[in-house]
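One structure below.
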Amino acid sequence: MRTPVVGLSTYSTHADWGSWAGEACLTPRTYIDQVIRAGAVPVLLPAATSDESVIVELVASIDALVLIGGEDVCGVFTETAEDDGAHATHSSERDQFEIALAQQAWKSGTPILAICRGAQVLNVSRGGTLIADLPTAGFSDQHRPTPGTFHNHDVVLTDGSRVAHLYGPTASVPSHHHQAVDTPGSDLHVTARADDGVIEAIEAIEADADRFAVGVQWHPEEADNLVLFTELVQQARQRQ
């Protein structure tokens, strides 16, 4: 059996290497390192198109998918009103690409690990909604007390869920977000919450026990605990 191939989403951004500068499709190194440590081959999926035939081929070429974190999902896809300034910070190209990736991975049964923004993308891809800003909505600032830094806080995990099987009933997790899942999408249910009630994990429903689709609002790539990446790779092996 060959080593599983895990595709990681990317984002397009300006990069400067001195004598050369321009747009590049990038993924933070921490995601790549964790996939390698978990025993898989990482492949970066360029956020350059949402053409259905290309998306189908991309997903067919991998054994599992990681939807990485990043900027907010555009209000166009979440039915959230936002001003021109907020709208200008989004990448519709990335949103369309990742939503299409999530939908195709779900359709094909490809194992999915969706992280922070990725969990929100997974939820939106299934018709769910998001909370646009947690503090404004009345939740605590524990999820992003200092922008640009990760901060650990506790989550309570639902007994019998995949995340509880991996972490136990509670866990301290690295966090950096100001949005979160509001209404779970079709065939997803809530499997972890923070102490202020914010949804911290969503999973495919119990009736679909063979499907591995887990979205976590925290950042497991920033932790020493490899359990989510190890489980994703194991699921990829089983799918092979």
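Hydrogens, waters and symmetry mates play no part in the numbers below; they use all other heavy atoms, side chains included. Not measured: the values here are computed from a predicted model.
For E52, the CD atom sits in a loose shell: 12 or fewer heavy atoms of surrounding residues, nucleotides or ligands are nearer than 6.0 Å. Within a 6.0 Å sphere centred on NE2 of H165, heavy atoms belonging to other residues, nucleotides or ligands number 12 at most.
Every ring-ring contact (aromatic ring centres under 6.0 Å, His included) that Y167 has, sequence neighbours left out, goes to W218. In this view, T3 satisfies the side chain to side chain donor-acceptor pair (under 3.5 Å) rule with no residue, not counting sequence neighbours. For H189, the side-chain contact (heavy atoms from CB on, under 4.5 Å) criterion is met by T191, E203, E206, not counting sequence neighbours. By the ring-ring contact (aromatic ring centres under 6.0 Å, His included) test, H178 is found to be paired with no residue, residues two or more places apart in sequence or in another chain being considered. Contacts of R126 classified as salt bridge (Lys or Arg N to Asp or Glu O under 4.0 Å), with partners at least two apart in sequence or in another chain: D187.
Residues A64 and T110 share a closest heavy-atom pair of CA-CG2, 3.7 Å. Summarising the geometry of A15 relative to A24, their closest heavy-atom pair is CB-CB, 4.0 Å, with the distance given to 0.1 Å. When all heavy atoms of G39 and R237 are compared, the closest pair comes out as O-NH2, 3.6 Å. For C116 against G69, the heavy-atom pair with the smallest separation is CB-CA, 4.3 Å. Pairing each heavy atom of E222 with each of T30, the nearest pair is OE2-OG1, 3.3 Å. Across every non-hydrogen atom of Q217 and A180, the tightest pair is OE1-CA, 3.6 Å.
Counting heavy atoms from C-beta on, the side chains of V56 and Q104 come closer than 4.5 Å. Put simply, the side chain of R239 reaches to within 4.5 Å of the side chain of S108, judged on heavy atoms. Using a 4.5 Å cut-off on side-chain heavy atoms (C-beta onward), Q240 and P4 make contact. Put simply, the side chain of R94 reaches to within 4.5 Å of the side chain of E71, judged on heavy atoms. By the 4.5 Å heavy-atom criterion applied to side chains, Q34 and P220 are not counted as neighbours.
Applying the salt bridge (charged side-chain N to carboxylate O under 4.0 Å, His left out) rule to pairs touching residues 25-43 yields R29-D33, sequence neighbours excluded.
Atom CD of E200 and atom CG of D195 lie 9.5 Å apart (nearest 0.5 Å). One finds the CD atom of Q96 at 9.5 Å from the OG1 atom of T49 (value rounded to the nearest 0.5 Å). With values rounded to the nearest 0.5 angstrom, L166 atom CG is found 11.5 Å from L226 atom CG. Taken from CG in L122 to CD1 in I202, the straight-line distance is 4.5 Å, to the nearest 0.5 Å. Here the CG-OG1 distance, from L157 to T170, works out to 7.5 Å after rounding to the nearest 0.5 Å. Here CD of E98 is found 12.0 Å from OG of S50. Values are rounded to the nearest 0.5 Å.
Counting only distance, with no hydrogens or angles, the side chain of T230 and the backbone of V227 share no donor-acceptor pair below 3.5 Å. A donor-acceptor contact shorter than 3.5 Å links the side chain of H177 to the backbone of Q179. Looking only at distances, a side-chain donor or acceptor of T10 sits under 3.5 Å from a matching main-chain atom of L45. R211 places a side-chain N or O within donor-acceptor distance of the main-chain N or O of W106, the cut-off being under 3.5 Å. Listed for the S9 side chain is a donor-acceptor partner under 3.5 Å among the backbone atoms of I68. Panel note: side chain D159, backbone P169; no donor-acceptor pair is recorded below 3.5 Å. Side chain of Q120 to backbone of L130: no donor-acceptor contact under 3.5 angstrom is found.
Of the residues L8, I36, L44, V6, the one that meets the side-chain contact (heavy atoms from CB on, under 4.5 Å) test with Y31 is L8. Across Q235, R2, Q238, a single residue satisfies side-chain hydrogen bond (donor to acceptor under 3.5 Å, both in side chains) together with D63, and that is R2.
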From CA spacing to verdict: side-chain contact (heavy atoms from CB on, under 4.5 Å), V190, T158:
CA-CA 8 Å; V190 177; T158 303; 5.6 Å; no
Step by step, would you call L188 with N123 a side-chain contact (heavy atoms from CB on, under 4.5 Å)?
CA-CA 8 Å; L188 292 170; N123 194 54; 3.8 Å; yes
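Hydrophobic clustering, with ILVMFWY side chains joined whenever heavy atoms are under 4.5 angstrom apart, keeps V156 apart from I199. Hydrophobic cluster membership differs between F150 and F229, with clusters built from Ile, Leu, Val, Met, Phe, Trp and Tyr side chains linked at under 4.5 angstrom.
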